[in-house]
Number of protein chains: 2
Amino acid sequence: MAARPANPRLAHDIIEAAASLVEERGPEGITMRLVADRIGYSPTTIYLYFKNKEHLLDETVNRAYDWFAEHLERAQTGASAPERLRQGAHAYLDWGLQNPGMYRLMFEWGYLGDISEEAIFARRASWRRTRNVIERGVEEGAFRSGLDSATAADTMWVGIHGLTSLALSGRMFGNPGVADPAVVHGRSHQLADALADSWEAAWRP
Amino acid sequence: MAARPANPRLAHDIIEAAASLVEERGPEGITMRLVADRIGYSPTTIYLYFKNKEHLLDETVNRAYDWFAEHLERAQTGASAPERLRQGAHAYLDWGLQNPGMYRLMFEWGYLGDISEEAIFARRASWRRTRNVIERGVEEGAFRSGLDSATAADTMWVGIHGLTSLALSGRMFGNPGVADPAVVHGRSHQLADALADSWEAAWRP
DNA sequence: GGTGGTACTTAACGGCGTTTACTGACGGTC
DNA sequence: GACCGTCAGTAAACGCCGTTAAGTACCACC
């Protein structure tokens, strides 16, 4: 955030405008001129607060990761680790289906720019939470003792991202076209169950 | 394909140029002017063969799906259905890692346009193959008898897409940044094993 | 009342996808 | 051999885009 002018409110408004436009028109539909129109300033004003379009979108994505993490946290209320894992997976999918434009911007849009170390750390918060839930599950004896929590968190994360991504893009090949949320949730159940089951203590030697 | 002019070779060359540019510069880096430069014609000539950029990319993607299907087919030589399933998953991942630009264009780029029914059918060929392998596995007794092959194929497909997608984008959160192929292949093993195992006959009542 | 800085705008640049109007070559017909 | 379509390809332009350079209006302060 360049933020030379002393108007912190405006920087916030620009991000909000960008976020709403991403949702309305998708990552490909957002332009600096549209953002400027929405806040009632000229396009060049945005460059007083953000170095360029990529930096503006980076900041917008940073805020979206916070909303996303909050959503996941609120959903994971279950008593057991496997249950919290399933709740997390379904909450992840729900957030993606409800914020398709932002989801695509966060997880599919181009390659990562020169974002700061701390921003990268913040973006990984929900992944760390998943890993912690799995670790807790190992401690509780719900998952087998040799389970590597980082690998397992990656696997869960990767599976549920794939489901969300294909559902949003209309490329769920068993049901091409715009995905029926009920079908997608069914897939989410099978995926989360299959992974959680394969990690459970009793199933492996 | 509009294809008014009687130069079928040129339509083919345009698609080849587009495909090579997608790989060199990614889906966001391809422009009609660059494609024209590469084939040695003016940009407007492309519009004699394709309605617009979206249709050109649609045709390019159609051809890429054929290469992709061939790659998967060649890899699935195993004797048992679970083995062919694992081979297919790893071949899928390999193709994505080796053709990152095209993979993103095929599976993440915007929403589907007005492509024909038969093109959609052709694009689903590899998914149907996966479903057939699972069906064969059920017949052979390797997978449990009540298993729904369409749901299972979706689940496998979704998981391996998620892995490929996150690996290509540098967003594998356990290992952020450009993904180490060895690590990604490890994740692929755990994912494919977890799913195949959860479907095996002996493991479920 | 001049001075300097701050917050913002106007105008422009080059590049994009796409369209309109054109050029030149070719084949048939009288 | 002169005329006339048709056909393949092009040049120029339009309205977008991200971004930059130059300018303007306003304010506090001496």
Side-chain angles (χ1 to χ4, degrees), chain A residues 1-22 24-61 101 104-105 109-115, chain B residues 1-22 24-61 101 104-105 109-115:
Chain A
M1 187 150 0
R4 206 75 50 80
N7 189 348
R9 173 83 210 193
L10 188 49
H12 175 266
D13 288 350
I14 292 170
I15 288 178
E16 289 247 310
S20 65
L21 278 168
V22 165
E24 287 168 32
R25 317 176 60 122
E28 51 271 312
I30 190 170
T31 76
M32 297 300 259
R33 284 168 167 87
L34 278 174
V35 174
D37 274 358
R38 180 145 306 188
I39 58 171
Y41 287 78
S42 77
T44 44
T45 297
I46 301 174
Y47 290 87
L48 301 175
Y49 293 85
F50 301 92
K51 188 180 157 200
N52 54 31
K53 184 181 181 181
E54 188 180 330
H55 276 71
L56 167 56
L57 293 184
D58 273 346
E59 297 283 345
T60 307
V61 163
R104 294 210 296 137
L105 183 61
W109 207 245
Y111 295 88
L112 283 343
D114 51 344
I115 54 178
Chain B
M1 188 152 353
R4 206 78 49 81
N7 189 349
R9 173 83 210 190
L10 189 47
H12 175 267
D13 288 350
I14 292 170
I15 289 178
E16 288 248 312
S20 66
L21 279 168
V22 165
E24 286 168 33
R25 318 175 60 122
E28 52 272 313
I30 190 172
T31 75
M32 297 298 262
R33 283 167 167 87
L34 278 174
V35 174
D37 275 358
R38 180 145 306 189
I39 58 170
Y41 286 79
S42 76
T44 43
T45 296
I46 300 175
Y47 289 86
L48 300 176
Y49 293 85
F50 302 92
K51 188 180 157 198
N52 53 33
K53 185 181 181 181
E54 188 180 330
H55 275 72
L56 166 57
L57 293 184
D58 274 346
E59 298 283 345
T60 308
V61 163
R104 294 209 297 134
L105 184 61
W109 206 245
Y111 294 88
L112 284 340
D114 52 343
I115 54 177

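Here is the naming used below: chain letters follow the sequence lines, and residue numbers restart at 1 for every chain. The figures here come from the full heavy-atom set of this structure, side chains too, leaving out hydrogens, waters and symmetry mates.
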Provide, to the nearest angstrom, the distance between the [atom1] atom belonging to [X] and the [atom2] atom belonging to [N].
{"X": "A/Arg9", "N": "C/dA7", "atom1": "CZ", "atom2": "P", "value": "17 Å"}
{"X": "A/Ile39", "N": "C/dC8", "atom1": "CD1", "atom2": "C1'", "value": "11 Å"}
{"X": "A/Leu21", "N": "D/dC17", "atom1": "CG", "atom2": "C1'", "value": "15 Å"}
{"X": "A/Ile46", "N": "D/dC17", "atom1": "CD1", "atom2": "P", "value": "12 Å"}
{"X": "A/Leu10", "N": "C/dT6", "atom1": "CG", "atom2": "P", "value": "17 Å"}
{"X": "A/Tyr49", "N": "D/dT19", "atom1": "OH", "atom2": "C1'", "value": "18 Å"}
{"X": "A/Ile14", "N": "C/dC8", "atom1": "CD1", "atom2": "C1'", "value": "12 Å"}
{"X": "A/Leu48", "N": "C/dT9", "atom1": "CG", "atom2": "P", "value": "9 Å"}

List for me each residue that meets side chain to side chain donor-acceptor pair (under 3.5 Å) alongside B/Thr31, sequence neighbours excluded, and say none if there are none. none

Does the pair B/Met32 and B/Asn52 meet the rule for a side-chain contact (heavy atoms from CB on, under 4.5 Å), with working shown? CA-CA 9 Å; B/Met32 297 298 262; B/Asn52 53 33; 5.9 Å; no

B/S/- contact track for nucleotides 12-26 of chain C, protein heavy atom under 4.0 Å: B---BBBB-------

So, is [X] close to the [N] phosphate, meaning a side-chain N or O under 4.0 Å from OP1 or OP2?
{"X": "B/Thr45", "N": "D/dG9", "value": "no"}
{"X": "B/Asn7", "N": "D/dG9", "value": "yes"}
{"X": "B/Tyr41", "N": "D/dA8", "value": "no"}

Under a 3.5 Å distance rule, please check whether A/Thr45 uses its side chain to pair with a backbone N or O of A/Tyr41 as donor and acceptor. no

How about A/His55 and A/Asp58: does a side-chain donor come under 3.5 Å of a side-chain acceptor? no

Between B/Glu16 and B/Arg38, is there a salt bridge with N-O shorter than 4.0 Å? no

For the pair B/Asp13 and B/Arg9, find out whether any cationic side-chain nitrogen is under 4.0 Å from an anionic carboxylate oxygen. yes

Determine whether A/Ile30 and A/Leu57 make a side-chain contact, defined as any pair of heavy atoms from C-beta on separated by less than 4.5 Å. yes

